Amino acid sequence: MRKKDVKKAMAMALTAGMVLGLTACGGSGSSESEKSDRDGAAKQEETLGEVGGEAGELVAEEGAEIEIAYWEGSTAEEAAWDAVLTALQKDHPEIKLTLQTYPSTEFRDMLDTRIAGNDWPDVVRYSYQRLGKFKAADVMMDLSPYITQESLDDISPAFLSAGTYEGQLVAMPHHVDTIAVFYNKRMFEEAGIRIPSSIEDAWSWEELTDIARTLKEKYNLPYACAGIWETGSSYRYLPFVYMNNGAVLNEDQTEITMNTPEVLEAIKLYEDWRKEDLIANTAFSGAATANSLFVAEQIAFDFCGSWHCSYMEENMAGNWGVTYMPIRNGKTGSDMGGNALFAYKGTKYPKAAAIVVDYITNAENMQKFCETGNFIPVRTSLLEGELTYTQFADEMEVFSEIVANIDPKLAADETSVPFQQINEIFTEEMDPLVVNGSATAEQVVEQCQERMTEILNE
């Protein structure tokens with residue numbers, strides 16, 4: 001696929017999630033039986049159209065102090081934050097900034113501890129999938145009066161819907177990222193394994209399983225592969241469910257659909273890999289080890305993210321490559337990663353907080369952040385324009401193609417209000433299967449169906 005075509009496909013794919021993504025703002029309650037999906041989407045489009053202020057330039061409150069809480073997952077990401085926040089401090093000296101950086105693996109736990117003590121940062125970075133709990137708790141400041149409609153019109157609708165709740169703009173989308181297959185160049189070359197040249201040419205599930213067996217045996221590896229669905233990020237395995245035409249929720253998100261043959265087949269794939277020790281036995285709730293195993297050459301390939309390119313180059317320079325996610329019956333898929341920024345509803349300085357959120361997510365700074373940190377923007381103007389990545393331009397082109405093939409239904413389900421609780425249940429139920437085989441795939445889907453349904457019906 002040519003670079004120009006990739007950019008167009010990216011923009012179209014991110015927009016394609018609009019109608020499905022819009023349902024994510026409706027919560028977990030049942031819809032009115034007489035309303036069609038079209039009516040529901042139209043109503044939400046109308047609601048989104050009402051979001052966005054028309055006021056003039058914002059002026060921060062006198063003596064405003066804003067604490068920004070975020071994490072840095074790589075040196076490239078650290079550089080991206082440094083670039084944008086340095087510019088923010090320079091351009092807005094009237095706002096005193098406190099920058100609170102946490103380790104990426106500990107951010108959620110540390111933030112939850114602070115929240116439990118009613119010690120809120122003013123501005124928070126958070127993943128799309130986990131915004132639901134904050135929406136339901138009504139702790140996110142309505143940004144609608146402060147962000148212009150012109151700015152919002154440039155945000156890809158699927159992601160704008162993720163930051164909207166009950167007619168309010170409660171979070172501004174910042175970027176998207178995704179996962180791919182990172183592979184050990186030496187091992188794959190020595191074993192004579194072909195590297196896919198396009199998404200259409202990607203490995204099938206069966207081919208990937210055979211590759212794992214070959215490499216595990218040839219290099220006497222403890223495991224052939226691992227994935228970054230650790231530390232409670234089990235949703236990163238869900239692309240295997242969706243590329244097999246399964247889903248966590250039905251079309252209008254009123255029912256759990258984990259007990260389908262398609263979902264079971266995707267979970268059985270993992271079960272089969274574990275039985276042969278083809279994939280690491282790290283618990284979905286366990287500490288992050290996938291990338292460490294990969295750079296130590298204890299595994300031959302790794303399902304991990306675009307933001308990890310700098311880590312790979314630092315630790316195994318020249319010996320890693322990136323290729324496409326596998327395909328199932330002609331369909332592929334990947335994780336809808338990325339993060340948004342929101343302001344705490346109880347902040348003493350709402351205007352200053354809005355200035356900070358708006359500044360970090362505007363087109364100029366979004367481009368700076370994404371190009372430096374190896375992320376993909378969520379503004380249409382940037383997706384259709386020219387992005388110049390500081391490093392790993394070829395790898396980022398692969399990631400861009402993958403983003404263009406993210407399933408819109410997955411995007412909608414993962415940004416729904418109950419999804420964080422759904423994800424926690426999936427994590428808990430997968431752990432016994434992954435760690436010691438004490439649960440079967442059938443038991444996982446049965447338990448997920450029962451427990452997730454209880455959550456949806458609350």
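Basis for what follows: all heavy atoms, side chains included, without hydrogens, waters or symmetry-related copies. Given the structure is predicted, the values throughout are model-derived calculations rather than measurements. We're numbering straight along the sequence, starting at 1.
With salt bridges taken as basic N to acidic carboxylate O contacts below 4.0 Å, one links Glu442 and Lys268. At a threshold of 4.0 Å, the pair Asp277-Arg213 does not count as salt-bridged, since none of the basic side-chain nitrogens sits closer than that to a carboxylate oxygen.
Remark: the backbone N or O of Gln449 is not paired with any side-chain donor or acceptor of Asn259 at under 3.5 angstrom. Using modelled atom types, one side-chain atom of Arg125 and one backbone atom of Trp71 make a donor-acceptor pair closer than 3.5 Å. At distances below 3.5 Å, not a single donor-acceptor pair connects side-chain atoms of Ser306 with backbone N or O atoms of Asp177. Under the 3.5 Å distance criterion, the side-chain polar atoms of Arg108 are matched with a main-chain donor or acceptor of Thr231. Using modelled atom types, one side-chain atom of Asn457 and one backbone atom of Thr453 make a donor-acceptor pair closer than 3.5 Å. At least one donor-acceptor pair under 3.5 Å links the side chain of Thr257 to the backbone N or O of Val248. No donor-acceptor pair under 3.5 Å is formed between the side chain of Asn244 and the backbone N or O of Gly246. No donor-acceptor pair under 3.5 Å is formed between the side chain of Arg274 and the backbone N or O of Leu433. The backbone N or O of Asn339 sits less than 3.5 Å from a side-chain atom of Tyr128, completing a donor-acceptor pair. Judged by distance alone, with hydrogens and angles left aside, the side-chain atoms of Ser156 form no donor-acceptor pair with the main-chain N or O of Phe159 at under 3.5 Å.
With rounding to the nearest 0.5 Å, the separation of CG in Leu264 from CG in Leu269 is 11.5 Å. With rounding to the nearest 0.5 angstrom, the OG1 atom of Thr254 is 8.5 Å from the CG atom of Leu249. Within the model, atoms OG1 of Thr390 and CE of Met396 stand 10.5 Å from one another, a figure rounded to the nearest 0.5 Å. Considering CD of Glu386 and CD of Glu371, their distance stands at 10.0 Å, rounded to 0.5 Å. The distance from the CZ atom of Phe188 to the CH2 atom of Trp320 is 14.5 Å, given to the nearest 0.5 Å. If you take CD1 on Ile228 and CZ on Phe303, they are separated by 11.0 Å, rounding to the nearest 0.5 Å.
Only one option out of Met452, Arg451, Glu450 pairs with Ile256 in a side chain to side chain contact (heavy atoms under 4.5 Å, CB included); it is Met452. Of the candidates Lys331, Arg328, Glu262, Lys331 is the only one forming a side-chain hydrogen bond (donor to acceptor under 3.5 Å, both in side chains) with Asn245.
In this structure, Glu314 places its CD atom where more than 12 heavy-atom neighbours from other residues, nucleotides or ligands lie under 6.0 Å away. Summarising the local packing, CD of Glu190 is surrounded by more than 12 heavy atoms from other residues, nucleotides or ligands at distances under 6.0 Å.
When side chains are defined from C-beta on, Ser104 does not count as touching Glu77, because their heavy atoms never get closer than 4.5 Å. Within the 4.5 Å cutoff, no side-chain heavy atoms of Gln168 are placed close to those of Leu143. Side-chain contact check for Arg130 versus Phe419: every heavy-atom pair is 4.5 Å or farther apart. Within the 4.5 Å cutoff, no side-chain heavy atoms of Leu341 are placed close to those of Val124. Looking at Trp120 and Ile115, their side chains come closer than 4.5 Å, going by heavy atoms from C-beta outward. Contact check for Lys216 versus Cys225: no side-chain heavy atoms found under the 4.5 Å cut-off. Counting only heavy atoms from C-beta outward, the side chains of Phe134 and Tyr126 approach each other to under 4.5 Å. Taking the side chain as every heavy atom from C-beta outward, His175 and Phe369 approach each other to under 4.5 Å.
Residues Trp205 and Pro326 share a closest heavy-atom pair of CD1-CB, 4.1 Å. Closest approach of Leu215 to Ala300, counting heavy atoms only: CD1-CB, 3.6 Å. A pairwise comparison of heavy atoms in Ala290 and Asp302 identifies CB-OD1, 3.6 Å as the closest pair. Closest approach of Glu429 to Pro432, counting heavy atoms only: O-CD, 3.4 Å.
Between the side chains of Glu414 and Asn423, not a single donor N or O lies within less than 3.5 Å of an accepting N or O. Using modelled atom types and a 3.5 Å distance limit, the side chains of Asp431 and Ser285 yield a donor-acceptor pair. For the residue pair Thr178/Ser334, the side-chain donor-acceptor check at 3.5 Å is satisfied.
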* Asked: Passes side chain to side chain donor-acceptor pair (under 3.5 Å), Gln391 versus Asn374? Steps please.
  -> CA-CA 8 Å; Gln391 302 180 79; Asn374 299 321; 6.0 Å; no

* Asked: Can Phe426 and Gln447 be said to form a side chain to side chain contact (heavy atoms under 4.5 Å, CB included), step by step?
  -> CA-CA 9 Å; Phe426 184 50; Gln447 285 296 109; over 6 Å; no

* Asked: Do Gln100 and Tyr70 pass the side chain to side chain contact (heavy atoms under 4.5 Å, CB included) test, and can you show the C-alpha distance, the side-chain angles, and the key distance before you say yes or no?
  -> CA-CA 7 Å; Gln100 184 60 66; Tyr70 62 100; over 6 Å; no

* To do: Under the side chain to side chain contact (heavy atoms under 4.5 Å, CB included) rule, what do Tyr223 and Trp273 come out as? Steps first, then yes or no, please.
  => CA-CA 9 Å; Tyr223 309 102; Trp273 285 352; over 6 Å; no

* **Working for side chain to side chain contact (heavy atoms under 4.5 Å, CB included), residues Thr323 and Val398** => CA-CA 7 Å; Thr323 191; Val398 171; 5.8 Å; no

* Given the rule in the side chain to side chain donor-acceptor pair (under 3.5 Å) test, do Asp413 and Tyr242 qualify, once you have shown the distances and angles that lead to the verdict? -> CA-CA 11 Å; Asp413 289 352; Tyr242 285 77; 2.6 Å; yes

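When ring centroids are compared, Tyr183 and Phe301 stay outside the 6.0 Å threshold. Taking the six-membered ring for Trp and the full ring otherwise, His174 and Trp81 have centroids separated by under 6.0 Å.
In this structure, the side-chain contact (heavy atoms from CB on, under 4.5 Å) partners of Glu255, at least two apart in sequence or on a different chain, are Asn250.
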